[in-house]
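Notes for the one structure printed next.
Atom set for the values below is all heavy atoms of this structure, side chains included, hydrogens, waters and symmetry mates excluded. Residue numbers begin at 1 in each chain, while the letters A, B, ... track the order of the sequences.
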Amino acid sequence: MADPNGYPDDIEDTFPDGFGGDDGFPGDRPSGLAPSGFQPAPAATAGGGIAARAMAARRSQAPDYLEGLNPEQRDAVMTLEGPLLVLAGAGTGKTRVLTTRIAHILATGSARPSEILAVTFTNKAAREMKDRIAGFIGGHVEGMAWLGTFHSICVKILRRHAELVGLKSGFSILDTDDQLRLIKQIIQAEGLDEKRWTPRAFAGMVDGWKNRAQTPNEISHGEAAAFAGIGRKLYAEYQDRLSILNACDFGDLLLHVITLFKNNPDILADYQRRFRFMMVDEYQDTNVAQYLWLRLLAQGNANVCCVGDDDQSIYGWRGAEVDNILRFEHDFRGAKVIRLERNYRSTSHILAAASHLISHNEGRLGKTLFTDISDPDEVPVAVASAWDSEEEARAIGEEIETLQTQGHRLNDIAILVRASFQMRSFEDRFVSMGLNYRVIGGPRFYERLEIRDALAYFRCVVQPADDLAFERIVNTPKRGLGDATLKLVHELARANRIPLMEAAFQLCQTEEIKPKARTALKGVLDNFARWRRELETAKHTELAEIILDESGYTEMWRTDRSAEAPGRLDNLKELIRSMEEFESMAGFLEHISLVMDRDSEEGLDAVSIMTLHSAKGLEFDTVFLPGWEEGLFPHQRALDESGKAGLEEERRLAYVGVTRAKKRAKIWFTSNRRIHGQWQSSIPSRFLDELPEAHVEIVESSSNYGGYGSYGGGGYGASRFDGRDPFQSSYSTPGWQRAQKARAAQDTVLERGSFKSSRQRKAGPMTIEGELVAKSVASTPSPYSLGERVFHIKFGYGAISAIEGNKLTIEFEKAGQKKVLDSFVEKH
DNA sequence: CCGGGACTGGTTTTT
DNA sequence: CCAGTCCCGG
């Protein structure tokens, strides 16, 4: 019985062999999915009357899962048919709507789990969504085979049709590091100067092209001629090499699927039929390729629901097109738009501040967040200033301590910075005061050297053609396989268009390489051959251990006496432990190439330090926003490179920052900042002027001279920030001067005991307004004089030729000219 | 093969 | 200023 849209009764049957079967799971029947307390509609006969059934369900008994939704949210959940754009402001329950909507689709029997496509940007978001859906429908989330990131969904599709885009199904996915090494080889092969034409720059261009779904033939004339005139050629070569390697980069995952769909209408049609409902989270972050991908799939059946917030689009620089969301109604005809503006997160002061700030942007779809909840104790958004980043860190650290003594948890506090170099002063400060913190977004587990090496071994076993992996470990640990030998292998491989491993094997059969290298190479190849045989029989975790042992890799770190070595061995153990969750080595490798998860040590109570970008989607009771200065935020480079659009993206970033706060937001700016080693006096950010006076309080002094609840100043308008010189106003008030005096006294004490802070302070041009400059170290004259003869424990005797604070330049009699700290020399 | 010295570039980041 | 990379010398 086919429905009016032509859907066959059993969709599974229309897919090629093996396509539907492996999606089978116990819960792939709508009737088994009703949430408790809700009487499910009869099992779906595909098509027909979804809305009607939903209405019927609602009439008979409002299902549990709709409880507590506001009217707009409910509308978004129940609108199943046709294109739908949900404009969900910060903290308006976006994820809840998305997950409830899926629950609703399942509960009403409108589709089976495997017929729902739900796309997110990050693995974290996908996981969260899965967890929350599991809350509704129990263990049957596993049936949501198509809930994942754009990339993981694309891989799934590509594995089935790899041959159609010139790959084999077992293709590997290169990460940025592999990608760069490959590009470097190509640039070298072209004889370009790597210094002028850096692999990184080219990788950036490739990324840009792939973000726009352009193959080498489709890039513009201008870009084809970019990169020393051979942009197109290099791009084509790169793609060619990837194909020979049977590998993809991240961008390819989308690009290949788009190519696949365009060239194979039958396959596209299958997927169009399969995906009865499509949902995209964070739609404002989609790039052109993702948009095209979605368009292709949505052509069959326009039940597309995109959720996003144009005001939170902060990834323009990596290809996201705000236009996608701004043009939704135009691109998806008859689209319904629902705005979620009721905020459940922040106080009205915070919302008012954020709304007023973002209202300075043009070209928005326009939303105004509001809340009904009124908290009699709520405080305005605070703005405070500091002399430099160290004082900023110190003041914030002290405020955090105060909050802590008042019973606030550190987990509820975050510091959100514009650029990661800002984190340093906070880390330094928090370490010295013993305040627990955690940096979000640092280096990732799978990016560590030892992990990549280990993975390269595994890749070589699973994917013998993975040249990049082979290159990486062929001489790690050292086996005496130097450049000379490898060059031979490369030449043979290139000449015959065969994988390196194969070339190496052939080379071992000849007399062309030196006996020593030959033995070593043969040893490696024999090992791989043996491990590959064991792949069939041994348990993959055990095999992994065998590989690392027999290759000498573990041994290499065991004998390494550097400080990091033990940690690296631990990481290797951890790697093998994490493999246990997977069925096979291949399955594991696939997982890690896509899911570069971070370490999470959620256990302890700690302040979070992260960039504004990585804060999107999170919330904290208290948020500190340091560094609101022109040039840093908005960032100069954003202004220079993208002009007004750049400024607006920076402003959205500011909006994201402020809206992370539930109860307290405090913004900071400093008057001096060291940039590229140079001290520069800074001007308060224009965004400060864009905050509404009525909801913002200028905090006179900071840290132990005030803190929350005892604002000194008051009565200053935001226009105060307009001045070129912030010192004229608040910096000359009596309260400020008093604070400075007290602080200067305290600094003297602090710095006597702290080598680090005195070292860091020395370079400051502390010359403005004498009294403020009473920083002990900066003004202390050096005890040494020019020409003086001194002794250094390592360099011996010498004469001072220059003095710069506590740093001396000395002409040593034996060692020549060196720069040393005065504390390391003695008078002689 | 390691390490010191020269040189370079320094916003944001996921997959 | 500082961290990462590259190149060359011992």
### Task
For nucleotides B/dT11 and C/dG4, find the distance between their P atoms and express it as a whole number of Å.
15 Å
### Message
Please give the distance between the P atoms of B/dT12 and C/dT5 as a whole number of Å.
### Response
16 Å
Can you give each donor-acceptor pair under 3.5 Å made by side-chain atoms of residues 626-635 of chain A, sequence neighbours left out, with the distance rounded to 0.1 Å?
residue, atom, partner, partner atom, Å
A/Glu629, OE1, A/Thr670, OG1, 3.4
A/Glu629, OE1, A/Arg673, NE, 2.6
A/Glu629, OE2, A/Thr670, N, 2.8
A/Glu629, OE2, A/Thr670, OG1, 3.2
A/Glu629, OE2, A/Arg673, NH2, 2.9
A/Glu630, OE1, A/Arg686, NE, 3.2
A/Glu630, OE1, A/Arg686, NH2, 2.7
A/Glu630, OE2, A/Arg686, N, 2.7
A/Glu630, OE2, A/Arg686, NE, 3.0
A/His635, ND1, A/Arg637, N, 3.0

Applying salt bridge (Lys or Arg N to Asp or Glu O under 4.0 Å), can you list everything that pairs with [X], at least two apart in sequence or on another chain?
{"X": "A/Glu450", "answer": "A/Arg568"}
{"X": "A/Asp131", "answer": "none"}
{"X": "A/Lys130", "answer": "none"}
{"X": "A/Arg200", "answer": "none"}

So if I take every side-chain heavy atom of [X] and compare against [options], which nucleotide ends up nearest?
{"X": "A/Trp317", "options": "B/dT15, B/dG10, B/dT13", "result": "B/dT13"}
{"X": "A/Thr149", "options": "B/dT15, B/dT13, B/dT11", "result": "B/dT15"}
{"X": "A/Arg424", "options": "B/dT11, B/dT12, C/dC2", "result": "C/dC2"}
{"X": "A/Thr122", "options": "B/dT14, B/dT11, B/dC2", "result": "B/dT14"}

### Message
Please compare A/Gly251 and A/Gly480 by the position of their nearest nucleotide in DNA chain B and report the one closer to 5'.
### Response
A/Gly480
### Task
Would you mind telling me which residue lines up with the more 5' stretch of DNA chain B, A/Thr198 or A/Glu649, judged by nearest nucleotide?
A/Thr198
### Message
I want to know whether A/Trp293 and A/Tyr291 have ring centres closer than 6.0 Å.
### Response
no
### Query
Aromatic ring centroids of A/Phe261 and A/Tyr271 under 6.0 Å?
yes
Please state how far atom [atom1] in [X] lies from atom [atom2] in [N], giving the value in whole angstrom units.
{"X": "A/His151", "N": "B/dT15", "atom1": "NE2", "atom2": "C1'", "answer": "4 Å"}
{"X": "A/Arg651", "N": "B/dT11", "atom1": "CZ", "atom2": "P", "answer": "21 Å"}
{"X": "A/Phe250", "N": "B/dT14", "atom1": "CZ", "atom2": "C1'", "answer": "8 Å"}
{"X": "A/Arg673", "N": "C/dC2", "atom1": "CZ", "atom2": "C1'", "answer": "17 Å"}
{"X": "A/Asp249", "N": "B/dT14", "atom1": "CG", "atom2": "P", "answer": "17 Å"}
{"X": "A/Met423", "N": "B/dG10", "atom1": "CE", "atom2": "C1'", "answer": "15 Å"}
{"X": "A/Asp193", "N": "B/dT8", "atom1": "CG", "atom2": "C1'", "answer": "13 Å"}
{"X": "A/Glu641", "N": "B/dT12", "atom1": "CD", "atom2": "C1'", "answer": "11 Å"}

Protein-nucleotides 5-10 of chain C N/O pairs under 3.5 Å:
residue, atom, partner, partner atom, Å
C/dC6, OP1, A/Lys184, NZ, 3.4

### Query
Stacking here means centres under 5.5 Å and planes under 30°; does A/His635 stack on B/dT11?
yes
### B/dT15 phosphate, OP1 or OP2, under 4.0 Å from A/Asn123 side-chain N/O
yes
### Task
Can you check whether any acceptor in the base of B/dT11 is under 3.5 Å from a donor in the side chain of A/Arg637, or vice versa?
no
### Query
Going by atom types only, do A/Tyr238 and A/Asp249 share a side-chain donor-acceptor pair under 3.5 Å?
yes
